[in-house]
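Counting convention: from 1, in listed order, for ligands and their atoms alike.
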Amino acid sequence: MTGLSDSFQRPIDYLRISVTDRCNLRCVYCMPAEGINLLRHEDILSYEEIYQVAAAAAELGIKKVRITGGEPLVRIGLSRLVQMLAKIDTIDDIALTTNGTLLAKYAEELKTAGLRRVNISLDTFEADKFKQITRGGNLDDVLAGIEAASAAGLNPIKINVVAMAGINDDELLDFARKTVENSWHVRFIEHMPFNREMAASSFVSINELRERLAVLGELEPCTFKGNGPAKYYRLPQANGTIGFITPISDHFCFHCNRLRLTADGKLRPCLLSERETDLRQPLRNGISAEELKKLIKKAVDSKPRQHKLARGCVPQDRPFSQVGG
Ligand code: SAM
Ligand code: SF4
């Protein structure tokens with residue numbers, strides 16, 4: 001097999017880069033109310049260090065990168081990083097996952113820098129509920145961000161919705177209708193139990209959601225551009241799609257093609273395992289590109305076969321916002 005593959009022969013061609021652990025929201029499923037212990041500025045990889053890792057990973061076979069966080073747009077000068085990554089010839093897709101609150105300000109400049117697409121997280125259309133879920137956010141900022149991303153040509157825009165029973169499942173049909181009325185690509189994500197108490201009471205399986213969507217018509221399976229684990233469907237007359245991401249009820253580890261770089265420079269081969277390989281110290285000690293590639297390969301070799309969420313094993317070492325979702 002050419003390119004990068006792990007010890008279970010899974011091709012690894014996708015790198016998720018967390019550029020910060022900071023965020024301007026405090027979503028109930030992601031962060032504790034009091035926030036988290038933030039990394040020190042000097043512990044965070046510089047854009048030049050991130051570029052070094054991405055360039056070495058690209059030589060090994062990484063073709064797609066996604067920038068995430070925390071909230072990536074709170075880090076100053078993110079377009080400069082996008083511009084640097086866009087110069088790596090063999091990387092053919094640069095995408096961003098964001099809460100959308102700052103997109104109206106940055107969409108145009110990100111597009112010019114070389115960003116291709118955005119995923120925007122939005123769990124409700126109700127302003128008060130949005131404030132509760134995000135602990136203080138303003139819904140209009142996100143809606144303006146979605147418009148700006150679309151106007152800037154950051155397409156296709158995908159909307160990530162964490163499905164929560166008793167919190168936003170009453171808006172399921174409203175989100176689904178957006179795939180017909182506004183050609184949105186909406187993805188429902190099962191709630192992963194980082195906040196255990198909340199997850200236990202609000203978990204709703206994607207199968208249940210699918211059954212509830214049947215009132216809008218038959219969901220036709222379809223293919224849709226993406227690097228990830230979502231399974232896509234289309235409602236009759238919809239230009240947009242409905243995706244389902246099922247980390248718990250139907251995990252997708254056997255097709256996982258991902259590697260993650262944390263903001264403080266650890267390569268993490270699985271979101272849901274505490275295994276990490278430190279790259280920051282070697283980078284700061286002046287590691288050569290060849291040695292860096294060896295470390296990346298070592299991290300890929302340590303990728304676990306599958307996560308153990310269904311058995312209740314949740315990593316305790318870092319909050320979700322630090323690993324990049
Ligand atoms: N701040 C950005 C955002 O919200 O899109 C990027 C980072 S966030 C950690 C990445 C994704 O993880 C978001 O789509 C968010 O909804 C999702 N996420 C966070 N906590 C989650 C959880 N407990 N279960 C499922 N998805 C979660
Ligand atoms: Fe921030 Fe994104 Fe986590 Fe919400 S999901 S707290 S926006 S990092």
Side-chain angles (χ1 to χ4, degrees), residues 16-36 38-39 65-75 78 95-103 106 110 117-124 130-139 141-142 145-146 149 154 157-165 167-169 175 185-206 209 226 228-230 243-249 251-252 258 260-263 268 271-272 307 309 314-316 318-325:
R16 290 176 76 98
I17 301 172
S18 172
V19 294
T20 181
D21 60 335
R22 287 165 200 254
C23 187
N24 53 354
L25 301 180
R26 294 268 175 285
C27 301
V28 288
Y29 46 71
C30 178
M31 281 214 197
E34 65 280 10
I36 53 167
L38 292 173
L39 295 167
V65 297
R66 174 169 296 277
I67 299 170
T68 176
E71 173 47 40
L73 290 176
V74 302
R75 182 152 174 187
L78 190 71
L96 174 77
T97 298
T98 170
N99 62 32
T101 52
L102 299 170
L103 253 186
Y106 293 118
L110 287 164
R117 336 181 260 120
V118 283
N119 289 8
I120 301 169
S121 304
L122 176 65
D123 304 315
T124 175
F130 184 83
K131 237 181 194 68
Q132 277 170 17
I133 294 174
T134 60
R135 298 198 183 95
N138 178 6
L139 175 66
D141 293 343
V142 184
I146 295 172
L154 289 168
I157 294 168
K158 295 180 188 166
I159 307 295
N160 285 347
V161 186
V162 178
M164 293 170 280
I167 298 179
N168 65 352
D169 62 334
F175 275 102
H185 300 278
V186 174
R187 298 155 10 124
F188 296 105
I189 308 175
E190 276 176 353
H191 183 185
M192 290 184 272
F194 290 89
N195 173 342
R196 282 181 201 232
E197 270 167 42
M198 182 196 162
S201 62
S202 72
F203 181 77
V204 51
S205 87
I206 291 296
L209 294 187
F244 298 111
I245 303 183
T246 53
I248 296 176
S249 63
H251 76 77
F252 30 78
R258 299 166 174 212
R260 292 182 151 79
L261 179 64
T262 65
R268 189 160 170 129
L271 169 68
L272 297 165
H307 69 66
L309 263 191
V314 180
Q316 299 297 317
R318 291 172 182 269
F320 203 48
S321 56
Q322 251 188 27
V323 195

When the ring planes of F175 and F188 are compared, do they come out parallel, tilted or perpendicular, using 30° and 60° as the limits?
perpendicular

Check whether any side-chain heavy atom of L209 sits under 4.5 Å from a side-chain heavy atom of V204, and report yes or no.
yes

Out of all atoms in ligand 1, which are within 4.0 Å of some heavy atom of N160? Include the element for each.
14 (O)

Would R26 and T134 satisfy side-chain hydrogen bond (donor to acceptor under 3.5 Å, both in side chains), going step by step from the backbone distance to the final call?
CA-CA 5 Å; R26 294 268 175 285; T134 60; over 6 Å; no

Measure the distances from the heavy atoms of G70 to every atom of ligand 2 and state whether one is below 4.0 angstrom.
yes

Is the shortest N/O to N/O distance between M192 and ligand 1 below 3.5 Å?
yes

Run the side chain to side chain donor-acceptor pair (under 3.5 Å) test against N99 and tell me which residues pass, sequence neighbours left out.
N24, E71, T101

For the student: nearest non-hydrogen atoms of S121 and V142, plus distance:
O-CG1, 4.2 Å

List ligand 2 atoms under 4.0 Å from C23, heavy atoms only on the residue side.
1 (Fe), 6 (S), 7 (S), 8 (S)

Which part of L25 is near ligand 1, with near meaning a heavy atom under 4.0 Å away: side chain, backbone, both or neither?
neither

4.0 Å heavy-atom contact, S18 with ligand 1:
no

Which heavy atom of I248 sits nearest to which heavy atom of M192, and what is that distance?
CD1-CA, 4.0 Å

From L139 CG over to K131 NZ, what is the distance, rounded to the nearest 0.5 angstrom?
9.0 Å

Which atoms of ligand 1 sit under 4.0 Å from any heavy atom of T68?
6 (C), 7 (C)

Judged by heavy atoms only, the candidate from G70, P247, S121, A163 nearest atom 6 (C) of ligand 1 is G70

State, with a plain yes or no, whether a side-chain heavy atom of L110 is found less than 4.5 Å away from one of L96.
yes

Which atoms of ligand 2 have any heavy atom of N99 under 4.0 Å away?
7 (S)

Could you tell me whether the side chain of M164 reaches within less than 4.5 Å of the side chain of V162, counting heavy atoms only?
yes

Only one of L103, N160, L154 clears side chain to side chain contact (heavy atoms under 4.5 Å, CB included) with I120; which?
L103

As an exercise, identify every atom of ligand 1 less than 4.0 angstrom from a heavy atom of C30.
19 (C), 20 (N)

Side chain, backbone, both or neither: which part of T97 has a heavy atom under 4.0 Å from ligand 1?
both

Could you list the atoms of ligand 1 found under 4.0 angstrom from a heavy atom of T98?
2 (C), 3 (C), 5 (O)

With a cut-off of 2.8 Å, does C27 place any N/O/S atom under that distance from atom 1 (Fe) of ligand 2?
no

I'd like to check whether Y29 has a polar contact with ligand 1, where a contact means an N/O of the residue lying under 3.5 Å from an N/O of the ligand.
yes

With the threshold set at under 4.0 angstrom, would you say C23 reaches ligand 1 through any of its heavy atoms?
no

